[in-house]
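Notes for the one structure printed next.
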Amino acid sequence: MNQKMLVAEKLATAIPSLDLEAIYALLEKPKSSEMGDIAFPAFSLAKVERKAPQAIAADIVEKLDTNGFEKVVATGPYVNFFLDKAAISHATLTQVIEEKEQYGQQKRGEGQNITIDMSSPNIAKPFSVGHLRSTVIGDALANIYEKMGYKALRINHLGDWGKQFGLLIVAYKLWGDKAAVEANPISELLKLYVRINAEADENPELDEEGRKWFKKLEDGDAEALELWQWFRDESLVEFNRIYDKLNINFDYIQGEAFYNDKMDKGIEILKEKNLLQESKGAMIVDLEDYNLPPALIMKSDGATLYITRDIATALYRKEQYNFVKNIYVVGQEQANHFKQLKAVLKEMGFDWSDDMLHIAFGLVTKDKKKLSTRKGNIILLEPTLDEAVSRALSQIEEKNPNLENKEAVAEAVGVGAVKFFDLKTDRENGYDFDLEAMVSFEGETGPYVQYAYARIQSILRKGNFTPAVDNQYQLTDAESWEIIKHLQNFASVIEKAADKYDPSLIAKYAINLAQAFNKYYAHTRILDESPERDSRLALAYATGLVLKEALRLLGVEAPEKM
Ligand code: ARG
């Protein structure tokens with residue numbers, strides 16, 4: 001059981017004027033661990049009891065049943081509880097050893113689905129760092145929800161529909177070269193797209209052509225569809241290479257085009273509820289009541305828009321997957337779009353629109369400057385991941401030249417480093433993309449945590465350790481106690497990360513646990529002959545298990561040797 005709750009329950013019998021919840025809420029962590037593990041401040045009782053808080057604290061200790069604690073003392077106005085380290089370390093180590101990878105697993109979400117809209121790059125355009133963030137944050141959230149017992153559905157809402165594909169078809173027909181696109185799909189298609197946009201600024205007829213071609217595409221014109229399909233296939237080959245490197249899988253790839261034949265239903269409901277208004281020939285939903293600009297649902301030629309497809313998507317997801325939450329992991333810059341989307345669904349009468357959440361994240365910079373394709377400040381993902389792997393490899397060469405499978409380990413370390421760095425950032429903040437800092441073995445990095453894990457495995461091999469469930473493991477020293485407290489917190493950290501939609505809490509937890517272990521390691525000769533040897537090894541083993549599981553939640557591998 002949660003130690004704080006145990007303390008609250010004990011106190012409740014000695015403090016009749018406060019209920020359990022109120023007592024629980026008052027409990028604090030003492031400033032230093034020499035003052036104990038949990039403190040109850042008596043100030044708030046002074047008024048009711050008409051006594052000095054110091055006297056109240058002393059009274060409470062007097063009345064309290066201190067069984068199960070190392071000791072309980074009144075220090076000034078505080079009642080300080082010292083937990084029973086021997087008993088708790090024994091219980092915690094035994095639990096981790098018994099439950100293994102299941103340690104921290106929860107049941108809260110059983111039988112419930114959460115859909116996670118993640119990654120969702122646009123075809124014929126480079127996979128951006130924004131899409132990288134969406135991919136790794138979305139995947140980590142999915143892992144975290146699964147650990148909470150939910151079924152998480154990872155959905156890639158590819159940007160594969162819209163007027164831009166009409167324009168791209170026009171550009172290809174004017175200037176395209178099949179062989180060039182086949183050799184270098186995304187960069188060639190991007191060139192065509194940039195060119196047609198620039199020329200359309202001068203020549204509005206091109207724009208009009210693009211509009212027509214998109215309309216043809218929506219209406220199922222064979223030539224338009226064939227070109228579109230080709231652009232899409234070629235783009236996916238590139239995206240899939242990136243997903244392979246990142247080790248990311250989706251339950252569904254349902255892009256915008258998937259909804260082309262599923263938009264009528266939403267539009268019908270909008271009409272039925274009299275929500276559509278005409279404005280300059282187009283159809284809009286007024287959102288003044290929400291202080292939002294109107295949502296443009298249909299153009300004058302009947303063509304649909306991004307939000308029209310997102311309305312169809314939400315309806316489809318509710319119907320097919322009956323989500324309890326529908327999460328969109330998308331950059332902050334689309335905040336208004338998702339506000340509009342929710343507002344339109346609300347107007348349509350769907351209260352479940354409250355279960356739709358835009359999980360936004362901040363911008364990535366490079367050399368502290370905003371990324372900009374025009375100014376040439378860009379991060380091309382594939383070469384960047386390769387560079388991360390090769391930097392990891394050279395560090396491994398230096399530290400451990402005889403390691404077997406060096407390449408595979410470097411892959412796990414390099415890619416893991418990029419993911420970890422992204423995920424340890426408070427989600428709503430951005431960060432500067434600094435490969436050197438990411439791949440460093442020092443500091444708050446993925447490799448640092450991975451290295452702690454690998455060191456533990458090496459200790460366990462040397463110690464020839466096999467955990468026993470019916471053991472007498474227990475430890476009472478200050479350094480191991482720090483680790484035990486972290487291990488105990490694992491489940492509640494996972495829950496907090498789920499509730500705040502923030503994987504950085506798991507990343508920070510992993511760093512703290514790795515640091516606590518390294519401190520222990522510096523202080524204690526784990527493998528030396530001693531009556532505590534088995535308990536120390538058990539502590540190392542449990543720490544390793546939990547570190548690996550924390551990394552897994554972040555989508556980061558933990559090599560056995562490094
Ligand atoms: N393709 C969009 C982009 O790259 C992101 C899509 C997000 N998901 C959604 N359902 N709108 O900006």
Side-chain angles (χ1 to χ4, degrees), residues 114-139 141-142 152-165 167-168 186 189-190 193 214 228 231-232 235-236 238-239 242-243 248 250-260 262-263 266 292 295-297 304-321 323 325-345 350 352-353 355-364 371-373 378-381 427 430 501:
I114 295 189
T115 45
I116 303 182
D117 186 305
M118 54 183 267
S119 198
S120 312
N122 302 317
I123 64 166
K125 290 214 185 129
F127 193 102
S128 72
V129 179
H131 297 120
L132 171 75
R133 293 215 71 187
S134 169
T135 308
V136 300
I137 294 172
D139 188 53
L141 287 176
L153 300 170
R154 296 162 174 81
I155 307 179
N156 191 340
H157 189 81
L158 275 188
D160 58 1
W161 210 243
K163 188 188 137 202
Q164 66 270 33
F165 299 104
L167 274 171
L168 193 58
I186 290 182
L189 293 173
L190 181 66
Y193 184 65
F214 176 53
W228 168 82
F231 300 155
R232 187 178 189 275
S235 305
L236 269 176
E238 293 203 21
F239 295 160
I242 294 177
Y243 293 137
I248 297 282
F250 298 97
D251 295 285
Y252 301 103
I253 297 189
Q254 292 163 339
E256 295 183 45
F258 178 77
Y259 299 97
N260 186 39
K262 298 176 184 62
M263 278 180 284
L292 289 168
L296 180 51
I297 304 290
T304 62
L305 291 106
Y306 184 47
I307 195 165
T308 326
R309 295 185 284 280
D310 257 330
I311 293 168
T313 305
L315 293 174
Y316 180 85
R317 284 186 192 155
K318 186 66 196 173
E319 198 175 285
Q320 292 288 316
Y321 312 126
F323 55 74
K325 278 194 175 109
N326 178 21
I327 287 175
Y328 297 85
V329 187
V330 184
Q332 182 54 44
E333 64 283 1
Q334 293 194 29
N336 256 328
H337 166 74
F338 287 105
K339 282 186 193 150
Q340 288 179 306
L341 176 60
K342 285 183 69 161
V344 172
L345 288 161
F350 297 118
W352 50 256
S353 60
D355 305 324
M356 309 214 323
L357 297 160
H358 176 206
I359 299 305
F361 49 79
L363 274 184
V364 174
L371 297 173
S372 150
T373 321
I378 46 174
I379 298 171
L380 289 173
L381 210 58
R427 180 174 48 75
Y501 313 97

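One-based numbering along the sequence shown. Atoms within each ligand, like the ligands themselves, are counted from 1 in listed order.
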Which residue holds the protein heavy atom closest to [atom], what is that atom called, and what is the gap in Å?
| atom | answer |
| --- | --- |
| atom 9 (C) of ligand 1 | His157 CD2, 3.4 Å |
| atom 1 (N) of ligand 1 | Asn122 OD1, 2.7 Å |
| atom 4 (O) of ligand 1 | His131 NE2, 2.7 Å |

Ignoring hydrogens, what is the shortest heavy-atom contact between [X] and [Y]? Give both atom names and the distance.
| X | Y | value |
| --- | --- | --- |
| Leu189 | Leu168 | O-CD1, 3.5 Å |
| Lys262 | Phe258 | NZ-O, 2.9 Å |
| Ala124 | Phe165 | CB-CE2, 4.5 Å |
| Ile116 | Leu141 | CD1-C, 4.1 Å |

Hey, is ligand 1 close enough to [X] that some N/O pair sits below 3.5 Å?
| X | value |
| --- | --- |
| Tyr328 | no |
| Arg317 | no |
| Gln334 | yes |

What atoms of ligand 1 come closer than 4.0 angstrom to any heavy atom of [X]?
| X | value |
| --- | --- |
| Asp117 | 7 (C), 8 (N), 9 (C), 10 (N) |
| Val330 | 7 (C) |
| Tyr306 | 2 (C), 5 (C), 6 (C), 7 (C), 9 (C), 11 (N) |

Proximity of Thr313 to ligand 1 by residue part, where a heavy atom lies under 4.0 Å |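 No part of Thr313 comes within reach of ligand 1.
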What part of Phe338, side chain from CB on, backbone N/CA/C/O, both or neither, has a heavy atom under 4.0 Å from ligand 1?
->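 Within the 4.0 Å criterion, Phe338 contacts ligand 1 through side-chain atoms alone.
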Trp352 side chain reached by Asp355 side chain, heavy atoms, under 4.5 Å |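 Yes, at least one pair of side-chain atoms sits under 4.5 Å.
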Taking side chain as C-beta onward, heavy atoms only, is Ile297 less than 4.5 Å from Thr304?
->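 The answer is no; the side chains never approach within 4.5 Å.
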Of all the heavy atoms in Lys125, does at least one lie under 4.0 Å from an atom in ligand 1?
->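 Heavy atoms of Lys125 never come under 4.0 Å of ligand 1.
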Tyr306 and His337 aromatic ring geometry - parallel, tilted or perpendicular at 30°/60° bounds =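 Aromatic pair His337/Tyr306 classed parallel.
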Which option out of Gly130, Pro121, Ser120 puts a heavy atom nearest to atom 2 (C) of ligand 1?
->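 Comparing heavy atoms across Gly130, Pro121, Ser120, the nearest one to atom 2 (C) of ligand 1 lies in Ser120.
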Under 6.0 Å between the ring centres of Tyr252 and Tyr321?
->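 Tyr252 vs Tyr321: aromatic centres under 6.0 Å.
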